[in-house]
Amino acid sequence: MQTQTPKHLTIVATIKVKADHLERVKSELLQLTKASQSDEGCIQYDLHQDNANLDKFIVYEVWENNEFLQQHVQSPHFQNYIKVTEGMVDEFIITEMTVIS
């Protein structure tokens with residue numbers, strides 16, 4: 001019997017920023033992205049900004065497993081992002097996915 005290789009965990013975070021806080025949140029997201037790319041277990045961590053709606057961002061992340069993701073969520077740089085952007089974001093949706101093909 002062949003053992004199945006564990007699949008990586010993919011995260012898509014959708015962030016809709018309040019218009020009057022766009023530049024501050026964007027700056028914080030750029031800092032978070034740079035720090036997160038060095039997190040243990042991080043395979044990919046990319047920040048995207050919507051071309052038509054500049055107040056909308058997507059973060060595309062790939063983690064070795066959920067344990068590394070949880071370490072990231074508890075990291076000082078992630079907790080700092082949450083703290084300093086409090087009240088500046090209209091929507092923050094996290095979607096967890098697994099590659100199936």
Side-chain angles (χ1 to χ4, degrees):
M1 178 182 238
Q2 188 177 25
T3 58
Q4 188 175 10
T5 304
K7 304 266 186 189
H8 296 137
L9 181 62
T10 303
I11 302 296
V12 177
T14 304
I15 302 153
K16 178 116 171 48
V17 178
K18 293 180 179 178
D20 52 334
H21 297 291
L22 177 60
E23 290 306 314
R24 173 67 190 271
V25 175
K26 181 178 180 178
S27 174
E28 294 296 332
L29 283 168
L30 288 166
Q31 290 178 48
L32 175 63
T33 298
K34 184 174 181 175
S36 299
Q37 289 169 338
S38 298
D39 281 350
E40 185 178 6
C42 179
I43 297 168
Q44 185 174 353
Y45 199 102
D46 298 317
L47 175 64
H48 304 264
Q49 187 174 22
D50 189 313
N51 291 335
N53 301 299
L54 297 178
D55 58 349
K56 185 176 180 182
F57 297 88
I58 299 287
V59 182
Y60 180 84
E61 312 168 33
V62 180
W63 296 92
E64 285 184 30
N65 58 45
N66 190 54
E67 289 78 23
F68 286 122
L69 171 63
Q70 294 312 310
Q71 288 176 20
H72 163 68
V73 170
Q74 297 304 318
S75 69
H77 50 272
F78 186 83
Q79 291 300 313
N80 181 67
Y81 165 78
I82 296 298
K83 180 180 177 183
V84 300
T85 61
E86 184 175 352
M88 298 181 188
V89 173
D90 278 330
E91 188 175 80
F92 186 50
I93 300 170
I94 306 281
T95 306
E96 292 187 21
M97 297 178 282
T98 303
V99 175
I100 58 171
S101 75

Indicate the atoms forming the closest heavy-atom contact of [X] with [Y], along with that distance.
X	Y	result
Met97	Leu9	O-CD1, 3.6 Å
Leu22	Asp55	CD1-CA, 3.7 Å
Ala13	Glu61	CB-OE2, 4.4 Å
Asn53	Asp50	N-OD1, 3.0 Å
Thr98	Lys7	CG2-CB, 3.4 Å
Gln44	Asp46	NE2-OD2, 2.6 Å

Let me check something: do [X] and [Y] share a hydrophobic cluster, defined by ILVMFWY side-chain heavy atoms less than 4.5 Å apart, either directly or through other members?
X	Y	value
Phe57	Val62	no
Val25	Tyr60	no
Leu47	Val12	no
Val17	Leu30	yes

* Residue pair Glu96, Leu69: steps toward the side-chain contact (heavy atoms from CB on, under 4.5 Å) verdict -> CA-CA 11 Å; Glu96 292 187 21; Leu69 171 63; 4.2 Å; yes

* Asked: According to the interplanar angle, ranging from 0 to 90°, do the rings of Tyr81 and Phe92 count as parallel (below 30°), tilted (30 to 60°) or perpendicular (above 60°)?
  -> tilted

* Asked: In terms of the angle between their ring planes, are His72 and Tyr45 parallel, tilted or perpendicular, with boundaries placed at 30° and 60°?
  -> perpendicular

Rounded to the nearest 0.5 Å, what separation is found between the [atom1] atom of [X] and the [atom2] atom of [Y]?
X	Y	atom1	atom2	answer
Ile43	Phe68	CD1	CZ	9.5 Å
His77	Thr33	NE2	OG1	9.5 Å
Leu29	Lys34	CG	NZ	15.5 Å
Leu32	Gln79	CG	CD	10.5 Å
Trp63	Gln71	CH2	CD	9.0 Å
Thr85	Glu28	OG1	CD	7.0 Å

* Keeping the roles fixed (side chain from Lys18, backbone from Gly87), state whether a donor-acceptor pair exists under 3.5 Å. => yes

* To do: Let me see the working for Val59 and Ile15 under side-chain contact (heavy atoms from CB on, under 4.5 Å), right down to the final yes or no.
  => CA-CA 8 Å; Val59 182; Ile15 302 153; 4.0 Å; yes

